[in-house]
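Along the sequence shown, the residues carry numbers beginning at 1.
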Amino acid sequence: MNYRVLRNPFTPATVFSDDRVEAIHRAALDVLENLGMKILLPDARARFRTAGALVDDESQIVRIGREIVEQAIATAPHSIPVRAGSRRRDLVIEPGALAIQTGAGAPNATDLKRGRRPGHLDDFIELTKLIQAFDVLHMLNPVVEPQDVAPHVRHYEVTRVQLELSDKLPFAFSRGTRQVEDCFEMIRLARGVSDDEFRRHPHCHSIVNTNSPRQLDIPMAQGLIDFARWKQLMVVTPFCLMGAMAPITVAGALTLSHAEALAAISLTQVTNPGAPVCYGAFASNVDMKSGAPAFGTPEQVKANLGAGQLARLIGLPWRNSTGASGNINDAQAANETQMGAWGAFLAGATILIHGAGWIEGGLAISFEKLITDLEIMQTFAELCTETPADDASLALDALAEVGPGGHFFGAAHTLERYDTEFYEPLVADWSNYGTWIERGGKDASVRATEVWQRVLEDFRPPEVSDVRLAEAIAFAEKRKNEGGALPPG
């Protein structure tokens with residue numbers, strides 16, 4: 001099956017009536033207009049002031065009128081073609097499409113062979129190879145943050161690895177203008193495109209999280225501006241934990257999340273109308289006994305469905321997430337990831353993030369869980385493919401051939417299709433107990449270890465221009481020798 005371009009064929013599920021979705025949207029507009037957002041970056045406040053917002057520089061509160069938000073929704077593109085390293089990896093980010101990513105931004109990595117450890121550049125390299133190897137993963141991301149590479153030069157190494165080992169859409173850090181433009185220049189050089197062509201189509205993406213409740217910090221606001229200026233894809237995602245950084249109710253959390261997302265989207269459009277931006281939502285609840293984040297809960301599923309309704313109301317492509325609180329690759333972590341993913345899938349998310357490998361509430365990426373989660377993601381991909389119901393699929397010939405009490409193993413209809421009709425599992429073992437014991441009685445994590453090790457052993461990087469890649473690396477080395485680029489603040 002072709003997993004490279006997926007479209008969700010199902011009618012999106014809902015959790016609220018249409019009038020209540022409208023009410024949440026109006027409430028979010030009221031929040032922005034009357035309560036405002038605290039925006040720490042002076043340049044961002046100045047851009048909002050020019051657009052007509054009420055700005056109090058002393059408190060840093062920006063009250064954003066609904067006409068500014070409505071204009072932003074009108075100018076933000078509803079369909080975003082993005083250019084990967086190869087045309088066969090290009091995507092169109094739009095409602096109805098589905099692009100899947102692994103977990104992102106974890107400080108730690110873990111696997112059965114080497115144990116839990118701070119994420120290093122070697123881990124990032126191996127995980128990037130795994131992402132490249134599976135077509136159901138469509139976009140690259142900072143799957144782990146290499147803790148052995150200093151922050152002022154980390155973006156060079158992360159960008160280099162992506163350009164060397166993958167032809168999928170790369171991620172670029174949005175941690176200050178200098179880092180952003182360094183990443184852009186490396187991608188531009190490696191892809192062999194001019195500044196004008198780079199601006200014509202997004203060649204990378206990034207993610208901005210608001211600081212709930214109602215705050216946008218300096219690096220995130222600067223990232224929104226920088227990506228908008230260059231017309232690269234920015235994915236705006238408030239992270240709202242009900243009962244902690246957001247109201248305890250699903251509707252209240254979505255009101256806050258929606259307001260923060262609209263504020264950030266508005267900043268991109270007052271900076272550069274038409275800049276490509278994705279609406280995003282990532283809401284779940286906390287354990288009210290401990291305050292720890294919880295994932296895969298009924299409340300997260302409901303929040304995902306509600307976020308989809310809000311995204312459809314404004315008509316923009318949107319990002320959603322799953323997640324797992326489990327500390328190892330066990331049944332709890334699998335259930336949490338699958339439940340959150342079902343919520344995002346049924347809600348019609350355009351981009352699904354943290355779809356594979358995420359454990360510990362995002363503090364670690366598990367190599368084994370990345371593989372077992374891919375079984376879930378490939379199942380979603382299969383659900384996106386057509387289910388034929390033509391005359392041949394109705395199998396009348398087979399029904400005539402096999403009499404009552406017979407079997408269809410040897411029917412002509414079966415023999416014509418048996419090697420292509422069913423999904424073949426990546427890591428699941430469908431054998432009976434006796435056969436499973438004879439094969440060593442390996443559980444899913446052990447089998448997953450064998451899979452990721454085999455994929456890394458067999459990995460072959462995509463064809464890239466050695467000359468252009470050398471130019472990008474030389475640029476990065478020059479910038480490192482000049483001192484790199486520290487994140488702001």
How close do [X] and [Y] get, counting heavy atoms only, and between which atoms?
X	Y	result
Leu137	Ile131	CD1-CA, 3.9 Å
Ile64	Ala53	CA-CB, 4.3 Å
Cys204	Phe227	SG-CE2, 4.3 Å
Ile80	Pro202	CG2-CG, 3.9 Å

Results of ring-ring contact (aromatic ring centres under 6.0 Å, His included) for His354 - residues two or more places apart only: Phe282, Trp358
Less than 4.5 Å apart, side chain to side chain, heavy atoms only: is that true for [X] and [Y]?
X	Y	answer
Gln215	Leu40	yes
Pro488	Gln222	no
Leu163	Val464	no
Leu130	Trp452	yes
Asn209	Pro238	no
Glu197	Arg200	yes
Met139	Lys168	no
Ile351	His205	no

Spacing of [X] atom [atom1] and [Y] atom [atom2] [to the nearest 0.5 Å]:
X	Y	atom1	atom2	answer
Asn2	Thr385	CG	OG1	10.0 Å
Ser321	Leu352	OG	CG	7.0 Å
Leu316	Ile265	CG	CD1	5.5 Å
Asn272	Trp230	CG	CH2	12.0 Å
Cys278	Met234	SG	CE	11.0 Å
Leu267	Leu224	CG	CG	5.5 Å

Residue pair Arg199, Asp195: steps toward the salt bridge (Lys or Arg N to Asp or Glu O under 4.0 Å) verdict: CA-CA 6 Å; Arg199 281 190 167 95; Asp195 282 351; 5.1 Å; no
Aromatic plane relationship, Phe345 with Phe10 - under 30° parallel, 30 to 60° tilted, over 60° perpendicular: perpendicular
Side-chain ion pair, [X] and [Y], N-O less than 4.0 Å:
X	Y	answer
Lys38	Asp217	no
Asp226	Arg229	yes
Asp30	Arg26	no
Glu482	Arg479	yes
Arg188	Glu471	no

Qualifying residues under side chain to side chain contact (heavy atoms under 4.5 Å, CB included), relative to Phe422, sequence neighbours excluded: none
Positive for salt bridge (charged side-chain N to carboxylate O under 4.0 Å, His left out) with Arg4, one of Asp167, Asp135, Asp90: Asp135
When you check the side-chain N and O atoms of [X] and [Y], is any donor under 3.5 Å from an acceptor?
X	Y	answer
Gln162	Thr128	no
Ser194	Asp196	no
Tyr3	His138	no
Glu368	Asn329	no
Ser212	Glu260	yes

Identify every side-chain donor-acceptor pair in residues 151-161 under 3.5 Å, counting partners at least two apart or on other chains, and give the distances.
residue: Arg154; atom: NE; partner: Pro146; partner atom: O; Å: 3.0
residue: Arg154; atom: NE; partner: Val149; partner atom: O; Å: 3.0
residue: Arg154; atom: NH1; partner: Glu145; partner atom: OE1; Å: 2.8
residue: Arg154; atom: NH2; partner: Pro146; partner atom: O; Å: 3.4
residue: Arg154; atom: NH2; partner: Val149; partner atom: O; Å: 3.0
residue: Tyr156; atom: OH; partner: Asp182; partner atom: OD2; Å: 2.6
residue: Glu157; atom: OE1; partner: Arg160; partner atom: NE; Å: 3.2
residue: Glu157; atom: OE1; partner: Arg160; partner atom: NH2; Å: 2.8
residue: Glu157; atom: OE2; partner: Lys480; partner atom: NZ; Å: 2.6
residue: Thr159; atom: OG1; partner: His155; partner atom: O; Å: 2.7
residue: Arg160; atom: NH1; partner: Glu164; partner atom: OE1; Å: 2.8

Aromatic ring proximity Tyr279/His258, centre distance under 6.0 Å: yes
Worked verdict on Lys369 versus Thr372 for side-chain contact (heavy atoms from CB on, under 4.5 Å): CA-CA 5 Å; Lys369 189 166 184 294; Thr372 55; 4.1 Å; yes
Chi angles and distances behind the side-chain contact (heavy atoms from CB on, under 4.5 Å) call for Arg468, Arg191: CA-CA 7 Å; Arg468 293 202 299 262; Arg191 300 295 191 239; 5.7 Å; no
side-chain contact (heavy atoms from CB on, under 4.5 Å) evaluation trace for Gln232 with Val180: CA-CA 10 Å; Gln232 299 304 297; Val180 167; over 6 Å; no
